[in-house]
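Everything on this sheet refers to the single structure shown next.
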Amino acid sequence: MSNLKNQVQLIGNVGNVPETKSFESGKKVSSFSLATNEYYHKEGEKIQQTDWHNVVAWGKQAELIEKYVDKGKEVAIRGKLTSRSYETQSGEKRFVTEILVNEILFLGGKENSSS
């Protein structure tokens, strides 16, 4: 059961072109937003609710994202939920919740790849 602690699995569409940064060490980090949709019925009408998630990937996962992922692409991700805070230049404290990717699966289209 210890493998179930802090595990997130989502399938959704990439909301922006992933931003990938390379460090002097050669390591890469990639980040993007992921939209997940849920549907429900209210008073006979089908309603779509979209939630947005911040996604971050390092190393091999970041390289795969840089190569194969673009805005609108459907992906499945598995990772863990992380939270952090930082201070803006104006001194305002901000909080961010992100999903740190352990595994990504590219869905839809001919160029399916996974890691």
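- The two atoms that bring Lys80 and Asn6 nearest to each other are CB-O, 3.2 Å, heavy atoms only.
- Other members of the hydrophobic cluster containing Tyr40, listed by chain and number, are Ile47; membership follows side-chain contacts under 4.5 Å among ILVMFWY residues, whether direct or relayed.
- A distance-only check finds a donor-acceptor pair linking the side chain of Asn13 to the backbone of Gly72 [under 3.5 Å].
- Judged as a salt bridge (charged side-chain N to carboxylate O under 4.0 Å, His left out), the pairs with a partner in residues 91-102 (not counting sequence neighbours) are, in order, Arg84-Glu98, Glu92-Arg94.
- Pairing each heavy atom of Thr97 with each of Leu81, the nearest pair is CG2-CD1, 3.7 Å.
- Every residue two or more places apart in sequence or in another chain that forms a salt bridge (Lys or Arg N to Asp or Glu O under 4.0 Å) with Lys21 is listed here: Glu19.
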- Using the side-chain contact (heavy atoms from CB on, under 4.5 Å) rule, take Val75 and Leu105 through it: C-alpha gap first, then chi angles, then the decisive distance, then the call. CA-CA 6 Å; Val75 296; Leu105 177 67; over 6 Å; no
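- Side-chain heavy-atom separations under 4.5 angstrom define the hydrophobic clusters, and the remaining members of the one that includes Trp58 are Phe23, Val29, Val56, Leu100.
- Sequence neighbours left out, the pairs with a member in residues 26-47 that pass salt bridge (charged side-chain N to carboxylate O under 4.0 Å, His left out) are Lys28-Glu66.
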- Please step through side-chain contact (heavy atoms from CB on, under 4.5 Å) for the pair His53 and Leu10, ending with a clear verdict. CA-CA 9 Å; His53 313 276; Leu10 296 172; 3.8 Å; yes
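- For Ser33, the side-chain hydrogen bond (donor to acceptor under 3.5 Å, both in side chains) test picks out Asn16, with sequence neighbours left out.
- Using a 4.5 Å heavy-atom threshold, the side chains of Thr36 and Ile11 count as separate.
- Partner of Phe32 under the side chain to side chain contact (heavy atoms under 4.5 Å, CB included) criterion, chosen from Asp70, Asn54, Ile65, Thr20: Ile65.
- Lys73 approaches Leu107 most closely through the heavy-atom pair NZ-O, 3.5 Å.
- Of all the heavy atoms in Ile104 and Gln61, the pair that sits closest is CG2-OE1, 3.4 Å.
- The heavy-atom pair separating Leu34 from Gly12 by the smallest distance is CD1-C, 3.5 Å.
- Summarising the geometry, atom OG belonging to Ser30 is positioned 13.5 Å from atom NZ belonging to Lys67; distances are rounded to the nearest 0.5 Å.
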